[in-house]
Chemist: 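Next up is a structure, given as structure tokens.
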Amino acid sequence: MKLFSVKLRASKDGKHISGAERITPYEKINTVINQLYQRLSRKEFDSINIKIDILKEQPLLVEKTLPVVNLTFKNHIEANKTAVQIIQKQTGLSEEKIKQLIDLIHSGASPDGENMRGAMIVDQKGNRLERDRFRGIRTTHVDYLDREGIVKKLIKKGFTERTADALALTTKNMLHKDIIAEYCISDEPDYLTGYISTKEAYYRLTPLKEKGNKKGGRIYFIKNGADIDGIYRFLEKKPVLIKDADI
Ligand code: COA
Ligand code: AMP
């Protein structure tokens, strides 16, 4: 079956507001565009860009997402302490280095002090390896085989469609053999839940950021000596479809 990647992204005054992607058969393109438009147009925009591309290779079918673990904390400082511990265990990086990187995400990791347009890449020596520090790397070409069913299942358990999107994205990241952990906080000032992923689990931490902070971003922690071009190729190009959510 021919499958298509459908991406919509909204911006205002030249600044990205939000975006989403679906992988869908030809017959559902119209429906998917409408669904994404409904979602994106809730925010004030002056431009919406729609991109439709046929998938050039068959998607990798994955049985399940990472298992979801919910953790709640008194405040974002306590949550970040746990985040540092989880990342330290996976990467072997010093706590100080991890704190430094996390602080950068909370204060704008792009060289101009704004949010990056994608994720930072950091190896086990603490080196930043993204090709462009303004852009970073963006994970795309990932969706659920039966998105409606998965979203229903997640909502029944108290999650949202945002969780479905983040869970799919990070599950794809953790499929790559050289990516060992991820840290993420949203750039929305009122969305305080963030996550850490490892090969074993998707840890949802609430609150991982301070209310009102417009800064956000992601850090992909990778093994030393990993093939960076291979990571870009896999995360940006390889289509992945996930069958079920492990909740
Ligand atoms: N932040 C800022 N700018 C962005 C952006 C982002 N997240 N995504 C796209 N843009 C802008 C950039 O200027 C980009 O140019 P660049 O490649 O030089 O940075 C331009 O739009 C063109 O982007 P495009 O090549 O079409 O983007 P893409 O193939 O990476 O897809 C999304 C963009 C938003 C559709 C894709 O990243 C996506 O679906 N992300 C999933 C979002 C999600 O589910 N998040 C989890 C929720 S918690
Ligand atoms: P979001 O999860 O959409 O709130 O995005 C939070 C941050 O993650 C953004 O500010 C970007 O720095 C980064 N980001 C956004 N989209 C992607 C993506 N597709 N892959 C990797 N990083 C992303």
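For the numbers below, each heavy atom of this structure counts, side chains included, while hydrogens, waters and symmetry mates do not. Remember, it's 1-based here, ligands and their atoms both numbered in the order they're listed.
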Chemist: Who's the nearest protein heavy-atom neighbour of atom 26 (O) of ligand 1, and how far?
Modeler: Lys51 NZ, 3.1 Å

Chemist: Quick one: look at Arg218 and ligand 1, take heavy-atom pairs under 4.0 Å, and tell me if it's side chain, backbone, both or neither.
Modeler: side chain

Chemist: So which protein heavy atom does atom 47 (C) of ligand 1 come closest to, and at what separation?
Modeler: Asp165 CB, 4.0 Å

Chemist: What residue and heavy atom of the protein are closest to atom 15 (C) of ligand 2, and at what distance?
Modeler: Arg218 NH1, 3.7 Å

Chemist: Can you tell which part of Arg117 has a heavy atom less than 4.0 Å from ligand 1: side chain, backbone, both or neither?
Modeler: both

Chemist: Select one of side chain, backbone, both or neither to describe which atoms of Arg138 lie under 4.0 Å from any atom of ligand 1, heavy atoms only.
Modeler: side chain

Chemist: Starting from atom 36 (C) of ligand 1, which protein heavy atom do you reach first, and at what distance in Å?
Modeler: Thr140 CG2, 3.8 Å

Chemist: Report the nearest protein non-hydrogen atom to atom 10 (N) of ligand 1: residue, atom name, distance rounded to 0.1 Å.
Modeler: His16 ND1, 3.7 Å

Chemist: Taking only non-hydrogen atoms of Asp165, do any sit less than 4.0 angstrom from ligand 2?
Modeler: no

Chemist: What is the closest protein heavy atom to atom 48 (S) of ligand 1, and at what distance does it sit?
Modeler: Ala166 CB, 3.6 Å

Chemist: For atom 32 (C) of ligand 1, decide whether some protein heavy-atom distance is shorter than 4.0 Å.
Modeler: no

Chemist: Testing the 3.5 Å rule here: is there a donor-acceptor pair between the side chains of Tyr203 and Thr82?
Modeler: no

Chemist: Considering non-hydrogen atoms of the protein only, which is the closest contact for atom 42 (C) of ligand 1, and what is the distance?
Modeler: Gly19 O, 3.8 Å

Chemist: At what distance is the nearest protein heavy atom to atom 35 (C) of ligand 1, and which residue and atom is it?
Modeler: Ala20 O, 3.7 Å

Chemist: Counting heavy atoms only, which part of Glu236 comes closer than 4.0 Å to ligand 1: side chain, backbone, both or neither?
Modeler: neither

Chemist: Examine the side chains of Glu182 and Thr170 and answer whether a donor and an acceptor come within less than 3.5 Å of each other.
Modeler: yes

Chemist: Would you call the rings of Phe4 and Tyr26 parallel, tilted or perpendicular, where under 30° means parallel and over 60° means perpendicular?
Modeler: tilted

Chemist: What part of Cys184 sits under 4.0 Å from ligand 1 if we count only heavy atoms: the side chain, the backbone, both or neither?
Modeler: neither

Chemist: Compute the minimum heavy-atom distance from Ser186 to ligand 1 and say whether it is under 4.0 Å.
Modeler: no

Chemist: If the test is side chain to side chain donor-acceptor pair (under 3.5 Å), which one of Glu21, Arg22, Lys51, Lys56 qualifies with Ser5?
Modeler: Glu21

Chemist: Just to confirm my output: which protein heavy-atom neighbour is closest to atom 40 (N) of ligand 1, and how far is it?
Modeler: Thr139 O, 4.4 Å

Chemist: I'd like to know whether ligand 1 has Glu114 as a neighbour, heavy-atom separation below 4.0 Å.
Modeler: no

Chemist: Run the side-chain contact (heavy atoms from CB on, under 4.5 Å) test against Asn213 and tell me which residues pass, sequence neighbours left out.
Modeler: His106, Lys209, Lys215

